[in-house]
Amino acid sequence: MSNFKNHKNRFRFWVTTSAVSLGLAGMGALQSNAQQALPPVSVDAPQQRSQAKPIVRPRAVPQRSVRVAPRRPTEPPAPVVTMGSTRTIGAPAPAYAGGQVAQGGTLGLLGSTNGMNVPFSTVNYTSQLIEDQQARTAADTLINDASVRLTTGSNGFDDTFQIRGFTVPAGDVGFNGLYGLVSSSHVPAQIIERIELLKGPGALINGMAPGGSVGGGINIVSKRAPEIPFARLTPIFMSAGNYGLHAETSRRFGENKEWGVRFNGVGRNGEASIDGGNWQSGLGALSLDYRGERLRWTLDAISQNDDTRNFRPQMTIASNVPAIPAPPDARSNWYPGTMLRQRDNTIASGIEYDLTEALTAYAGLGYREGENAQSFPDSRVAGFTSGIDALGNFRLINAYYDSYTKTVSGNVGLRSRFETGFIGHAVNVAFTGYNQEAGNAYVTSGYSVPSNIYNPSPLPVITAARNAPRRASDTTLTSVAVADTMSFLNDAVLVTVGGRHQMVKQDAFSTLTGAMTSSYDAAATTPLAGVVFKPWQNVSLYANYAEGLSQGTIVGPGYSNAGAVLAPFKSTQQEAGVKVDWGNITTTAAVFQIARPSQIRTASNALAYDGEQRNRGVELSAYGLLLPGLRGMASATFLRPELTSPTNPLERGNDAPGVPDKTFSAGLDWDTPWVRGLALNGRVIYTSGSYLTSANLLRFPDWTRVDVGARYATSLNGRPVTIRANIENLFDKRYWLTTGTFVTAASPRTYIVSAAFDF
């Protein structure tokens, strides 16, 4: 990364965070005699119907008397309310009835907003849901929405999502509104306070996603220190034989509790979901924050280290097979002996200052280094048919594939609220910047062997030396954006208009010679328009037009134009829907259309844009408190992923490969009336079949996954204890996770048990 060559040292956060953790634990012990209420591990949030208003704090008045009165103890001020204000650092949006979903969340350029007031389909999952379902990564929570599906399984290289039928890579997940600052493989659940899901293109909201996602956006809100101090130890067991410990501590300091410190540390080791495998993981995350009368500041330092032996494999299926092979045992590894090492270190900071009660200046900046070293077996062997046949046979080559990324990401802007006559305005002006240097090294075994997914052969031996990764690309994304949400008739009508001018500069380099192989420097403007009409206070009718922008692909090996950089391209979305808050339950319905160019292999074996994929769909959802003690959420998506102008005219109107046309997700969480503190939960996830290729000749079978769980909240020596037990894929169903010809076996039946002890 040419602009940031001074960043050479790897971060060593775990030393600092461990010291802070021990210090906080010691302070907690010294104060153990104080009668303090500890934060509940799980609680239903009360319903809050009205929109929160910004807190207006009175200014201090100078004392006129010479005599100074004794200072009286003051209650710590509540954190700054963010929803519906010009602020985003402070108390997140309140939880909705049931506590599993929040009433709103941050939405990039539009600020922190109630979900009923935005012209988009959004969902904001809370940490309560994450903990009660015992999620390991953000992916385990996002599948609660039917419009989101995973195309990779647990203990694999990464979490790759599909939102509204389009791929969203793990590298496109945002962190407190900035891209590129969390692991490009997995986001650990222990650092997450909220998961904010936006469905549809989000180029205006946070800028162009580095991986070009257009189906939707995911933003992670990190944990901050709450008002009440606590320390918690949670031993964890996961089948088959993976043990771990999660240590968490939090406290606020200062006369008005203005300084906050929160630490999360996780260690795991043992066999997970692959026979003969091992997943060893370490996480250290330190969060600092300051909240003053006008100034608010945050700092996050995260170190994440994972070592996996026998990680979950992926494979291509030959496009001309007469039948799709049956998935093998989900605990098997058809590449036996693979190794995967992943390292991620991040430091990120954000700051806000209230110039007035209605004008806030803000900025954010972060830096991340990521490294991956792995075995890279592949069934795409020159001179042989790529992928597995109907009987599971394939040709296998082995390789080392090591890579790195160095990323700097930031933003700066102004948020304001004012009125012009009878029109209210919420205006935001922002600049975003992103730069990433990426490199890799590929060393092959040089020969191949026959193998089979049901009876795999040993991996070919790699005799060549392992090379250090060298620079392959340097990408710079910058943008300037402005948005205005205008309110009429006492917020009965909300109109949002905005635009973002995005600049994209990308250089590709040879990893062998270091020479630049291609480059482009382009710019484009993406507009947005949306309207919300509220005929009643609890009903929102909305519509939007949005455009997405994707950076061009660097063409990989296997194509005649390998090393070339394809130009950026646009996608468009039209959407309309209705949201109704019935009191304790919210229901939503939306219809949408997203169209984007398709990538194809030409007759001359070049990668190029040609044709279009147009996804038209209907989404239905409901969530909230169904009855006292009964929480639930359910959603359904019906999709038509049509190829509108493919290269082969005979495929016009066919479905895009790897995209299901029906998906359902539903879950319940019930406090049993006969045992105080005992709750039972269950979840059903259904995904219809999808086609292997654009020819639509073969279709993957549909699949249904059932999860069940229970938790028991009690006390031990007057301290809260919560025991949780979950079983994922209760009936141990075998099925493919796919994006078309690229497949992996879904995770097997998995047991997860934990016990959270508060001190």
Side-chain angles (χ1 to χ4, degrees), residues 21-46 76 78-79 91-92 94-95 97-100 102 125-136 141 188-194 223-238 243-253 257 260-267 285 287 625 628-631 669-681 709-726 752-759:
S21 175
L22 291 173
L24 292 176
M27 285 182 282
L30 292 175
Q31 298 184 13
S32 62
N33 294 328
Q35 297 297 319
Q36 297 176 341
L38 289 169
V41 178
S42 177
V43 64
D44 287 346
Q100 297 179 321
Y125 295 112
T126 66
S127 57
Q128 174 183 318
L129 178 67
I130 295 171
E131 292 172 1
D132 288 344
Q133 292 184 340
Q134 297 205 88
R136 278 83 69 206
T141 300
Q190 291 79 12
I191 70 171
I192 302 173
E193 181 63 34
R194 295 283 164 83
K223 289 181 176 179
R224 302 279 173 235
E227 299 305 297
I228 301 173
F230 72 95
R232 182 176 299 146
L233 286 177
T234 307
I236 308 164
F237 168 80
M238 186 175 72
Y243 299 87
L245 180 66
H246 175 203
E248 185 173 15
T249 183
S250 174
R251 190 170 296 274
R252 301 203 69 87
F253 302 92
K257 303 296 184 183
V261 180
R262 189 165 184 170
F263 172 77
N264 277 275
V266 181
S287 169
L625 192 63
L630 180 62
R631 297 159 289 278
D669 191 287
W670 178 46
D671 296 329
T672 62
W674 57 81
V675 179
R676 182 179 178 86
L678 176 64
L680 307 177
N681 61 75
R711 68 180 177 278
Y712 179 58
T714 183
S715 62
L716 182 64
N717 294 327
R719 299 293 186 179
V721 177
T722 301
I723 301 170
R724 295 182 174 90
N726 293 77
I752 311 164
V753 180
S754 68
F757 298 90
D758 281 15
F759 298 93

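All figures in this text were calculated on a predicted structure; none of them were measured in a lab. Residues take their numbers from the sequence shown, with the count starting at 1.
- Between the CG atom of Asn264 and the CD1 atom of Ile192 there is a distance of 10.5 Å, given to the nearest 0.5 Å.
- Nearest heavy atoms, Leu233 versus Pro235: O-CD, 3.8 Å.
- Atoms OG1 and CD1, from Thr141 and Ile130 in turn, are 4.5 Å apart once rounded to the nearest 0.5 Å.
- Thr722 contributes no side-chain N or O that, together with a main-chain N or O of Ala713, makes up a donor-acceptor pair within less than 3.5 Å.
- Minimum heavy-atom separation, Leu630 to Trp670: CD1-CB, 3.7 Å.
- Atom CG of Asp671 sits about 10.5 Å away from atom CG of Asn681, to the nearest 0.5 Å.
- For the pair Phe230/Glu248, a side-chain contact is recorded, criterion being any heavy-atom separation below 4.5 Å from C-beta on.
- The only member of His246, Gln134, Arg724 that meets side-chain hydrogen bond (donor to acceptor under 3.5 Å, both in side chains) when paired with Ser754 is Gln134.
- The shortest side-chain heavy-atom distance between Val675 and Tyr712 falls under the 4.5 Å cut-off.
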Self-check item: Intermediate values then yes/no, side-chain contact (heavy atoms from CB on, under 4.5 Å), Gln190 and Arg136
Solution: CA-CA 8 Å; Gln190 291 79 12; Arg136 278 83 69 206; 5.9 Å; no

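- Side-chain atoms of Arg676 and Thr714, non-hydrogen and from C-beta on, never get closer than 4.5 Å to each other.
- Residues Val261 and Arg251 form no side-chain contact, since every pair of their non-hydrogen atoms from C-beta on lies 4.5 Å or further apart.
- Between Arg224 and Ser287, the side chains place a donor N or O and an acceptor N or O closer than 3.5 Å (distance only, hydrogens not considered).
- No donor-acceptor pair under 3.5 Å is formed between the side chain of Thr672 and the backbone N or O of Ala679.
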Practice problem: Mind running side-chain contact (heavy atoms from CB on, under 4.5 Å) on Arg711 and Asp132 for me, showing each step along the way? | Solution: CA-CA 8 Å; Arg711 68 180 177 278; Asp132 288 344; 3.5 Å; yes

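- A salt bridge links Asp758 with Arg232; the closest basic N to acidic carboxylate O contact falls under 4.0 Å.
- Once rounded to the nearest 0.5 Å, the distance linking CZ of Phe757 with CD1 of Ile723 reads 6.5 Å.
- Note that the CD atom of Glu193 and the CZ atom of Arg262 stand 6.0 Å from one another [nearest 0.5 Å].
- When all heavy atoms are compared, the tightest approach of Ala135 to Ala189 is O-CB, 3.3 Å.
- In this structure, Arg631 CZ and Asp669 CG are separated by 4.0 Å, a value rounded to the nearest 0.5 Å.
- When atom types are taken as modelled, the side chain of Arg252 and the backbone of Lys257 share a donor-acceptor pair closer than 3.5 angstrom.
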